[in-house]
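Residue numbers start at 1 and run along the sequence shown.
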Amino acid sequence: MTTAHTANTAKKSAKTSKNKVSKYSKRKVDPAFYWMTVPAVILVSIFLYWPFLQGAAYSFTNSQGYGDFKFIGLKNYIAMFQDSRVGHAYLFTILIAILITIGSNFLGMFLSVLLNSKIAFKNGFRAIFFIPYTLSVLVIGYVFKYIFMTPLPALGQALHIDWLSTSMISNPDLAWFPIVFLSTLLYLAGLQTIDNEIYEAAAIDGVNAWQNFWQITFPLIGPFFTINMVLSLKNSLGAFDQIMALTKGGPDSKTETVSYLIFQNGLGNGEYSYQMANAVTFFIVLAILAFVQLKFFSGKEKV
């Protein structure tokens, strides 16, 4: 056998599992299954879609969240596109979302491959890796806020490293780094689905670790990579807990994300309808990005 033959075997295995049709696929579905979804549809409509429609309606008014209000048309949207603070929030949100998505997925995939390989203390490393996922993001955020404000500056002073000698959280040029670092900290299941026989066949062919990854591992975890990229980008664009715990939008509003700006000014500073317009715009941006991302990665999976 050859390396190319092993890669083809892996691809055929993936295609076979994808194209395999279950003997139950053409079975008539019991209407009871559809009725079982009705309570979920009702609850989602009441607690998700109805509030969204209400918020969208308020975005065309001058409401402060209470009292009387009147219809003002598109004035909130026009003002929002002229607001430099809103523009900066969008740019900052997109920037950290890209960094977090790339960092968390590629670093996560590397760590997952490592934790799935035959190394000493593998289970112990897995436990350490997943500990952050058992805690609240806010809790972890406050822990890292202390680390970035006290021990790290002390270490920087001891080592005479200027940029590390002061808290990055209070530095307008570096405050983004703790947010990206924490979010990145926060693909092992997909790797577990790959048949070990494929790796064994590759080992017989003399395939090295790099070829093993690119010709076997990565093609077979393609669907997991796609959904992780989409979900992590969505979650990163909605970053809020990290901002609340670490910087609260500071210094000088340099680390405000769109979600934090909507919360802070919409509920606390009397800009309810204005921030509703911001929320509707942000929803449209998220929907477009998710659609483009799904189309892009779906096309890559078929190659």
Next item on the list: Examine V44 and M36 and state if one hydrophobic cluster contains both, with Ile, Leu, Val, Met, Phe, Trp and Tyr joined whenever side-chain heavy atoms are less than 4.5 Å apart.
Entry: no

Next item on the list: Compare all side-chain heavy atoms of E256 with those of H88 and state whether any distance is below 4.5 angstrom.
Entry: no

Item checked: Exceeds 12 heavy-atom contacts within 6.0 angstrom, atom CZ of F282 -> yes

Note to self: Please give me the minimum heavy-atom distance between P51 and I46, naming the atom from each residue.
What the structure shows: CD-O, 3.2 Å

Next item on the list: Kindly work out whether a path of hydrophobic side-chain contacts (I/L/V/M/F/W/Y, heavy atoms less than 4.5 Å apart) joins M276 to V258.
Entry: no

Checklist line | Sub-4.5 Å side-chain heavy-atom contact between F60 and L74 | finding: yes

Check: Got L289 and L237 here, is their nearest side-chain heavy-atom distance under 4.5 Å?
Finding: yes

Next item on the list: Give me the ring orientation class for F52 and F283: parallel if the planes are under 30° apart, tilted from 30 to 60°, perpendicular past 60°.
Entry: tilted

Notebook entry, point to check: Ring centres of F69 and Y58 under 6.0 Å apart?
Noted result: yes

Notebook entry, point to check: Looking only at heavy atoms, what is the nearest atom pair of S63 and Y272, with distance?
Noted result: O-CB, 3.7 Å

Note to self: Using the rule that Ile, Leu, Val, Met, Phe, Trp and Tyr join whenever any side-chain heavy atoms are under 4.5 Å apart, tell me whether I42 and Y34 fall into a single cluster.
What the structure shows: no

Next item on the list: For P153 and T150, work out which heavy atoms get closest and say how close.
Entry: CD-O, 3.3 Å

Note to self: Do I147 and V143 have side chains that approach each other closer than 4.5 Å (heavy atoms only, starting at C-beta)?
What the structure shows: yes

Next item on the list: Check the hydrophobic clustering (I, L, V, M, F, W, Y; side-chain heavy atoms under 4.5 Å; chains of links allowed) and say if V41 and W50 are grouped together.
Entry: no

Note to self: Does any part of the side chain of L261, heavy atoms only, come nearer than 4.5 Å to the side chain of R85, both counted from C-beta?
What the structure shows: yes

Notebook entry, point to check: Distance from Y90 atom OH to N278 atom CG, nearest 0.5 Å?
Noted result: 4.0 Å

Next item on the list: First locate atom CG of L99, then atom CD1 of I94, and finally report the distance between them rounded to the nearest 0.5 Å.
Entry: 12.0 Å

Notebook entry, point to check: Do L53 and I284 belong together in a cluster built from hydrophobic side chains that touch within less than 4.5 Å?
Noted result: yes

Next item on the list: Return yes if some donor-acceptor pair links the side-chain N/O of N76 with the main-chain N/O of Q275 below 3.5 Å, else return no.
Entry: no

Check: Can you tell me how far the CZ atom of F240 sits from the CD1 atom of I262, to the nearest 0.5 Å?
Finding: 10.5 Å

Next item on the list: Grab the two heavy atoms, one from Y142 and one from K248, that are nearest each other, plus how far apart they are.
Entry: OH-NZ, 4.2 Å

Checklist line | Heavy-atom neighbours of D68 CG exceed 12 at 6.0 Å | finding: no

Margin query: Is it the case that the side chain of D30 and the backbone of A32 share a donor-acceptor pair, with hydrogens and angles ignored and the cut-off at 3.5 Å?
Written below: yes

Margin query: Parallel, tilted or perpendicular: which one describes the rings of F263 and Y260, with boundaries at 30° and 60°?
Written below: tilted

Margin query: How about CZ on F71, more than 12 heavy atoms from neighbouring residues, nucleotides or ligands closer than 6.0 Å, or not?
Written below: yes

Check: Can you tell me how far the CE atom of M149 sits from the CE atom of M168, to the nearest 0.5 Å?
Finding: 12.0 Å

Notebook entry, point to check: Is there side-chain contact between Y274 and N265, with at least one heavy-atom pair below 4.5 Å?
Noted result: no

Note to self: So for atom NZ, which belongs to K145, do other residues, nucleotides or ligands contribute more than 12 heavy atoms lying within a distance under 6.0 Å?
What the structure shows: yes

Notebook entry, point to check: When rounded to the nearest 0.5 angstrom, what distance separates CG in D252 from OG1 in T255?
Noted result: 10.0 Å

Checklist line | Approximate separation, where rounding is to 0.5 Å, of I243 CD1 and T93 OG1 | finding: 7.5 Å

